[in-house]
Amino acid sequence: MEALSRIRVVLVEPTHPGNVGATARAMRTMGLERLVLVAPREFPSEEAWARASGAEEVLERARVVATLDEALAGCGLAVGTSARRRSLAWPGREPRAAAAEAVAAAAAGTEVAFVFGRERTGLTNAELDRCQALLTIPTVPDFRSLNVAAAVQVVAYELHLAARGAPPAEPPAEPPATADELESFYGHLERVMVRVGFLDPDNPRRLMRRMRRLFARARPERTELNILRGILTAVERCCGGRGPGR
Ligand code: SAH
């Protein structure tokens with residue numbers, strides 16, 4: 001179960017405190033302890049505590065942050081969740097497969113996040129860009145949207161089962177690049193692509209999303225990302241002071 005201590009649940013802008021409390025309870029029953037709230041509308045709140053019914057400790061230890069980037073700091077694997085199919089598919093997973101992957105990564109020392117969206121509007125594409133995989137809970141086709149705490153419960157249950165059956169922790173392999181390192185890399189990549197005239201900032205189309213998808217599939221290790229950054233820096237140096245970019 002040790003792997004579960006490296007897995008955090010992130011709720012992005014939850015509106016109803018009751019859902020935050022129900023999430024804490026869903027987590028507590030399955031051995032998940034780390035809740036991160038991104039800009040909750042009301043927290044702490046009496047209703048959240050009431051709905052946690054015994055899982056107050058999860059709420060007391062919950063971390064409140066202002067942005068998703070802060071919530072994902074240090075994470076080597078972030079799994080976004082959505083009821084909707086997205087136009088340009090992120091690598092998709094069902095809960096069981098996502099849980100097995102997450103528990104294996106966490107057992108090897110990687111920090112993992114499962115990211116849940118707003119009650120009304122879910123996660124934006126820009127937020128899903130921060131994730132390496134997209135989890136969808138299979139449902140009937142004409143009603144796909146679960147209550148957010150119910151979605152957390154399904155995922156937490158699968159994590160619990162996966163952790164129960166997991167072999168003892170392996171020594172960490174090469175650490176994967178973390179969310180923060182990936183974000184700096186994407187920023188660097190974008191600057192260089194603009195600079196060499198490959199990416200037109202006035203007409204970027206979906207180039208960056210495609211790049212993100214490629215690297216989400218590849219799941220680069222930190223050393224590999226450092227090599228790529230080194231190449232980008234060399235390209236910048238090669239371009240000298242003035243490039244075609246702005
Ligand atoms: N209309 C929104 C629904 C949000 S439901 C949308 O289309 O995304 C609130 C949150 O619950 C979602 O952001 C997601 O995190 C989770 N959720 C609800 N149903 C889900 C499903 N079938 N699979 C995965 N996550 C789901």
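As the structure lists them, so they are numbered: ligands from 1, and atoms in each ligand from 1.
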Any side-chain heavy atom of [X] within less than 4.5 Å of one from [Y]?
X      : Y      : value
Gln153 : Met30  : yes
Glu127 : Val12  : yes
Val196 : Cys239 : yes

Asp69 side chain to Thr67 side chain, donor-acceptor N/O pair below 3.5 angstrom: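 No, because no side-chain N or O of Asp69 sits under 3.5 Å from a partner of the opposite role on Thr67.
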If we only count N/O pairs under 3.5 Å, is [X] in contact with ligand 1?
X      : result
Leu146 : yes
Leu135 : no
Glu119 : no
Thr139 : no
Gly117 : yes
Thr136 : no

Which is closest to atom 24 (C) of ligand 1 in terms of heavy atoms, Gly122, Ala98, Ala151, Ser82?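 Residue with the shortest heavy-atom distance to the ligand atom: Ser82.
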Would you call [X]-[Y] a salt bridge at under 4.0 Å N-O?
X      : Y      : result
Arg8   : Glu111 : yes
Glu190 : Arg195 : no
Glu183 : Arg130 : yes

Against heavy atoms of [X], which atoms of ligand 1 measure under 4.0 Å?
X      : answer
Arg120 : 1 (N), 2 (C)
Arg118 : 4 (C), 9 (C)
Ser145 : 3 (C), 5 (S), 19 (N)

